[in-house]
Amino acid sequence: MSILQAVRRRWLRARLADPAYGFLFDPWPEEEVVSLDLETTGLDIRRDEIVALAAIRLRGNRILLSERFEAVVRPAVMPPPAAIKVHRLRHQDISTGPGMQDLLPDLLRFIGSRPLLGYYIDFDAGMLDRYVRDRLRTSLPNRRIEVSRLYHDRKYGGAPPGTVLDLRFATILRDLGIPNLGLHDAGTDALMAAMMYLQLRDLQRRGVRLRRGPRSGMGEIPTGA
Amino acid sequence: MQVAESFDAGNPPFDRLTQQEVEDIRAGADIGYFAPGDVIVAAGKPSGQLHVIIKGVVEVRQDGAMTALLRAGDSFDSRALVHGAAGEDFIAAEETLCHLVPRPAVTRLISRNAGFAAFFYAEVSRKLDALAGARRPDGFESVLRARVRDAQRGDSNVIDGGETIEAAGHRMRRVNANALFVRDGDRTGVVTGMNLSKAVVLRRLPLETPVRDVTHFDVVSIEAGDFLYEAILLMTRHDKRRLAVRREGRYVGFLEDIDILGLVAGNSQLIPGRIDRARGVEDLTVAARDIQAQVLRLHGQGVRIEAIAEITSDLNRRLLARLFELVAPPSVQSGGCLLLMGSEGRGEQTLRTDQDNGLLLATPVPEPDLAAFREAFTRALDDFGFPRCPGGVMVRNPLWSQTLDGFQRQLRGWVVDRSPEAAMNLAIFWDAAAVSGRGELLEQARMTLLTALRGEGALLAHFAQLVDTFAEPQVGLLGSLLASVGMNSDEVDIKRAGIFPLVHGVRTLAIGRGITAQPTALRIAALVEAGALDAALGRELVGALRVFMEFRLRAQLEAARRGTPGPDAAVRLGLLTSADRDILRDALRIVRQFREVIRSHYNLRGH
């Protein structure tokens, strides 16, 4: 942890309004992270609302799918029709769920101080932060792990200038040979991001690079599985 | 939520679970990531979870040698999970993700769901039975769910009650029926051939007696649209072998017990008659086609592979025996014995096989007679669609059609000769079965061989060496890599990789013990009985042979459907379901194990 990060942590800790949430600042369990994904009414962190969320713990090389945290959330304002098309949650699905403030304590306890992992995790963590700030007067101190960043390093790190980057979710899946389980569902997206993370972290540890250029899907070429 | 979608319930053994059971598994399973080279399950070790591959490739290795490659949808390892120790190492070959289904969830399902439990059976034959039962919707049970109209043959033939019993008899013969409907005023009855015979023979009624006098009018009938099992119930209840069939208030014919049998077993009972009645080779060609169609039907009805092989071998023997009668000149017929060898000799034939046959003669016959017979017999088999034997084991080859004296000399020569060809010829002869003519000639030849072999332990080792004739099948990584880039096919030749080493290994042990039974299963039973083979391995070998025969028959049927003869036992791994691949893998593993047994038994060098 850099000095800057340590200072920021202390500052966030100092602002924490409710001491019951001090665990957010504890050291996190070795080798554990949480894959987080939210479905929202839109892409505006300040105004849009969470309609569904999923958090899945990872311990070592294991995705603890059997202990996942999943919920459909009742927003204060119902989502516009455009958002419904994306995540296919209808008014009747979400109008019965608990509100975000009801869910937050359980969610935070589930996440604890573990690093948060996701695809464009800044959006999901930032979204969640808004609810956290309302309640605790501070921000989530959790480290963030960006899978598209890990992918970028394995794939494009040291690439010549002008290389066209493709960091789309579906591209990463294909490149890693991970089956697409169906997009735009919080649980599925969180799971797929977790799978990406384990594989990318392993490639990183072994110093293996993903091949650039056409048809680099390493899972699909040799065996046709 | 759709996390559930990540669990593909379309693959065995999960395809046999109810929706609720799948949900239970989904709820309890984690996911594991394995880097290339990670040993996921080690041989000899238990496993706390069943692994179901989501993506990646897992190598299965036995003593370091790759025996199989598992991919998405495949599961492992049932042995480690249920029997406490994995039989092989399971090693990630690529970046691999697996569902981890905890052991308690699996054991719960095993106790609850028989189809699922079958996957975890240790013995391949039990597994095969369970899978065959699950796969085939058109087994015996579904036959009983067929309709009466599907089984009923022939038309409704009506005679007036005033006609004589003599007229009724002639009518029956003309329409080739055993029963007629009798209309007598407002009522309709049934008269059978048996009724007519009894009237004339037992009651001595004159032939002019009106048929109504011997007709019974308490007709037991069934609707054409009713289920067959209802017909069977009705027959049992009324102790009748024949029911009148009604449709829209009219009698449209009869349903006999034999018709139901015909639907269950195809028309196997009709083919022998056709063979016996054949007046020429052309008639037999038709019968040969019938046999093939019969195999297709039996297989479609889910008849066990051994039963198919038995029926088919029996029919083919009849076919060849009749052909022998038709084309052999009197000199050959009176002094000769027609032999069948190879799978036909062992009674393990599934569809048609090569022309593996021979002829033994008590005394020399005129050369022109013999030449004419060799030519006519071989050409007829060509017409039947039996491919010629690539090794030339045919009556056409003078080596395989000669006098007993000459052949006995030949056998002794082969025993002394140390070449693989000679060993192979002896092996082929060991499977011979006499189908027609003087069977004692074969017995004498066999005794000659047994005597010559006494004290020839070295020869048996030579013999045993042939189990390694064909290289191990490439079900490993290299094979599938090459296949996927189109450099090699992913075909496994079932005959070379499975049937041959198994049959030959058993044959070698059988010769060593002087066991003369031909079918491999009987040889195995005799070897186990004699203490020459471990009972459990014996059971596994019988199961593995069934697996190979089943796959081979499927390949043959597929080739016949496409109209492309060619290699008849090639199985494309890529086209198999993962349940089938699992079974085949088990069967090939048993063959590997058996080869090891043979090698160490005869002190052969390993590979």
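The structure presented is a predicted model; accordingly, all values stated were derived computationally and were not measured. Within every chain, numbering begins at 1; the chains are lettered A, B, ... in the order of the sequence lines, protein sequences first and strands thereafter.
- For chain A, the nearby parts of B:A35 are the backbone and the side chain; heavy atoms of each come within less than 4.5 Å.
- Taking CZ of B:F34 as the reference point, atom CZ of A:R62 lies at 8.0 Å (rounded to 0.5 Å).
- Closest of all the heavy-atom pairs between B:K55 and A:G177 is CD-O, 3.1 Å.
- The choice from B:G28, B:C98, B:G32, B:P36 that makes the most heavy-atom pairs within less than 4.5 Å of chain A is B:P36.
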| said: side chain to side chain contact (heavy atoms under 4.5 Å, CB included), that's the test. Do A:L198 and B:I31 meet it? Break it down for me. | reply: CA-CA 11 Å; A:L198 288 181; B:I31 288 174; 6.0 Å; no

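- Atom CE of A:M195 is separated from atom CD of B:E95 by 14.0 Å, given to the nearest 0.5 angstrom.
- Within a 6.0 Å radius of CZ in A:R144, other residues, nucleotides and ligands contribute more than 12 heavy atoms.
- In the displayed structure, A:R168 atom CZ is contacted under 6.0 Å by at most 12 heavy atoms of other residues, nucleotides or ligands.
- Highest contact tally toward chain B, considering only A:A194, A:P179, A:A190, is held by A:P179 [criterion: heavy-atom pairs under 4.5 Å].
- Atom CG of A:L65 and atom NE2 of B:H99 lie 8.0 Å apart (nearest 0.5 Å).
- Here the side chains of A:I63 and B:D30 are not in contact, with every heavy-atom distance at 4.5 Å or above.
- Of the atoms belonging to A:R205, not a single heavy atom falls under 4.5 Å from chain B.
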